[in-house]
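Heads up: the structure comes next, in structure tokens.
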Number of protein chains: 2
Amino acid sequence: MSQNNITLKELAKILDVSISTISKALNDSHEISEATKTKIKELAKLHNYQPNKLAINLKSGKTKTIAVLIPSIQNYFFAKVLLGIESVVAKSPYNIIIGITNESYEDEKENLQKLSNGIVDGFILSVAEETQIKQEFNHFKNTNKPIVMFDRVVKNMTCDKVMVNDFDSVYEATVDLIKNNRKNIAIATTINNLSVIKHRIEGYKKALSAHLNQVEFDLIVEEPLHLISDKLTNILKAKKIDAIISLDEFASLAVLKTVKQNNFSIPSEIALIGYMDEKVATYLTPEFSTIDQNGVQIGEIAAKTLIDRLENKALEPQEIIIKSTINKKATTN
Amino acid sequence: MSQNNITLKELAKILDVSISTISKALNDSHEISEATKTKIKELAKLHNYQPNKLAINLKSGKTKTIAVLIPSIQNYFFAKVLLGIESVVAKSPYNIIIGITNESYEDEKENLQKLSNGIVDGFILSVAEETQIKQEFNHFKNTNKPIVMFDRVVKNMTCDKVMVNDFDSVYEATVDLIKNNRKNIAIATTINNLSVIKHRIEGYKKALSAHLNQVEFDLIVEEPLHLISDKLTNILKAKKIDAIISLDEFASLAVLKTVKQNNFSIPSEIALIGYMDEKVATYLTPEFSTIDQNGVQIGEIAAKTLIDRLENKALEPQEIIIKSTINKKATTN
DNA sequence: TTGAAAGCGATACCAA
DNA sequence: TTGGTATCGCTTTCAA
């Protein structure tokens, strides 16, 4: 079970022909007679010949492999993006190699370096949290392979980007709440260092200032997951709140739980909407209104973009925006 | 940005020395004088020399890359296993390449073939559902690389296996319910073709027959996700049920929702326990009692086992069992 | 129609 | 201490 595959050289020896003849025959070259072709192909099949990809890659300078670097795997959003990438790549000659950066700058840098030395042809990645905090992006520039960034992108880098309309989505969700007579709308997030989260908060602020002339924003709850319930409980007791927008998956779960625990009725007293996996949202009680980033689509587009670039380097850098979808369910009206 | 890395040959030309001198110097060979070593190393650093991994791999016959094949990514369990694998592999010289088989036999077979030709040194995988239905396992035997199977393993194959004590865990959970005076215990699952699910159901049956002398089992609900709620509602109306054990993540969510919708109080009227991600379970209301498969640990052990095998082929095939943990929360007493 | 040989980028043995 | 050369497995050009 553990011995290696048969090689062209060995096949050549068996048939007493040259290596090049074997190679050409197996690649269906017109230079080789039908007779020898069939003979060689039969022998190859018999021995279950599989060309050594490493040798081909070394020769061609390409590996037909794409690296996907994601900050975390414990997250339905990235899982869905991965699914989208995988569905496109599976239909192509490419393979996927995955690195998880654990939101760490060092891990991200190391992954980039490790994989740039011939292992992959290009990268699809979403920037790690720590990298965004440090604002240190040279490791992206130091690789000589094309990069497609998605969701969390670096503004001032020229590369392909697949982005989400974070500002607009939350703006729209907020306005919708306002139109339903919500006047005291809070924000909850367990993350605060990411540009995407900042854009979402900006969308919220803009909606409040444009439609309610609100200029101070004291209902923004930014706490790590293990603290957010307590913090929110305090605020619910101290202030009047009639709607909450949650900006990440676990914030959404925590908000729902906390509001129920404090015996507010949903949505009559407090409406809820937030970022969460659609499938999970459907199985909560009450069913949760979501802002869906359409992760699968993001992954598909990112994969297509990178493959296009790898096959044809002449393209202009793309910046594609995937619109999020608002799915209203039982937690809003 | 898109030009290739500098090579030994080019460095050699610049310094007008031989390629072998460059190679040895960069590998700190004692054969080379300190003077030339430093000179060469400086030049290498200046040009940001990175050895071409493909060439090294071709030469050595090893790639230091591990393939992980998982049936689905939309699943917290596999995400956690992946996390465990990644944490071990990240500390090693190995890389991970991921394939998603989408529960399909063809996808699984294709992944195995595609990656066996020099791309990876070995596999960590969990068998696809369709493969288990077909009982077709030759593609596993046809690869000449070591395989570590986890969770869903093939009984009659000699390879390393990291398994879960499915039978025992559900047996134990069932007995615990019985001891708390539950006499009408139902099972809910959205999957029915997997050996692991079958083992779980066997554990349930054994507990009922051993402790309640029950020999007929008419409270087993096996339905795809979109039907399970309706089916369960009918059964809840027709029969007396005082506990439900759910065997997969989405079954657990669906059961919780359905039981609440039918206005049973939890756990006083109906107790619930099931397979689900711990973190999600904590944020449900009421907090959900879980059987935790300890996916991270499974991944860690699987990765260690494969790396051990790759470094030292002499080991006996291992069969390791990771015990699941029962975490009682608000849905049981 | 077939074969010889160079080359992809590195390592390592053997000479010098 | 340094260099030449074979080699990993394959593709491809040029000769035969």
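Because only heavy atoms are used, hydrogens play no part in the values below, and waters and symmetry mates are left out as well, while side chains stay in. Predicted model, so just to flag it, every value in this text is computed and none were measured.
- Counting heavy atoms from C-beta on, the side chains of A:D160 and A:I147 never come closer than 4.5 Å.
- Side-chain nitrogen and oxygen atoms of A:T21 include none within less than 4.0 Å of the OP1 or OP2 phosphate oxygen of C:dT2.
- A salt bridge does not link B:E34 to B:K41: none of the charged side-chain nitrogens sits closer than 4.0 Å to a carboxylate oxygen.
- The existence of a salt bridge linking B:K64 and B:E311 is confirmed by a sub-4.0 Å separation between a basic side-chain nitrogen and an acidic carboxylate oxygen.
- Summarising the geometry, the separation between CD1 on A:I22 and C1' on C:dT2 is reported as 11 Å, rounded to the nearest angstrom.
- The residues B:E300 and B:K304 are annotated as not salt-bridged, no charged nitrogen and carboxylate oxygen being separated by less than 4.0 angstrom.
- The nearest whole Å value for the distance from the CD atom in A:E34 to the C1' atom in C:dT1 is 12 Å.
- In this structure, the side chains of B:F123 and B:T143 come closer than 4.5 Å at one or more pairs of heavy atoms.
- Side-chain contact of A:T63 with A:N57: a donor-acceptor pair under 3.5 Å is absent, judged by distance alone.
- Across the protein-nucleic acid pair, A:L11 atom CG and C:dG3 atom P stand 14 Å apart, rounded to whole Å.
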Under 3.5 Å, which donor-acceptor pairs link side chains of residues 68-91 of chain B to any protein atom two or more places apart or in another chain?
{"residue": "B:S72", "atom": "OG", "partner": "B:Q74", "partner atom": "N", "Å": "3.1"}
{"residue": "B:N75", "atom": "OD1", "partner": "B:F77", "partner atom": "N", "Å": "2.9"}
{"residue": "B:N75", "atom": "OD1", "partner": "B:F78", "partner atom": "N", "Å": "3.4"}
{"residue": "B:K80", "atom": "NZ", "partner": "B:D277", "partner atom": "OD1", "Å": "3.1"}
{"residue": "B:S87", "atom": "OG", "partner": "B:G84", "partner atom": "O", "Å": "2.9"}

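- C:dG9 atom C1' lies 14 Å from atom NZ of B:K13, rounded to whole Å.
- For B:L26 and D:dT2, the CG to P distance is 13 Å, given to the nearest whole Å.
- Note that the two end axes of the helix from C:dT1-D:dA16 to C:dA16-D:dT1 enclose an angle of 60°, each drawn from 5 base pairs, rounded to 10 degrees.
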TODO: List the protein contact pattern of nucleotides 8-16 of chain D with one symbol per nucleotide (5' to 3'): B for base contact, S for sugar-phosphate-only contact, - for none; contact means a heavy-atom distance under 4.0 Å.
DONE: BBBBBB---
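- The shortest side-chain heavy-atom distance between B:L112 and B:E108 falls under the 4.5 Å cut-off.
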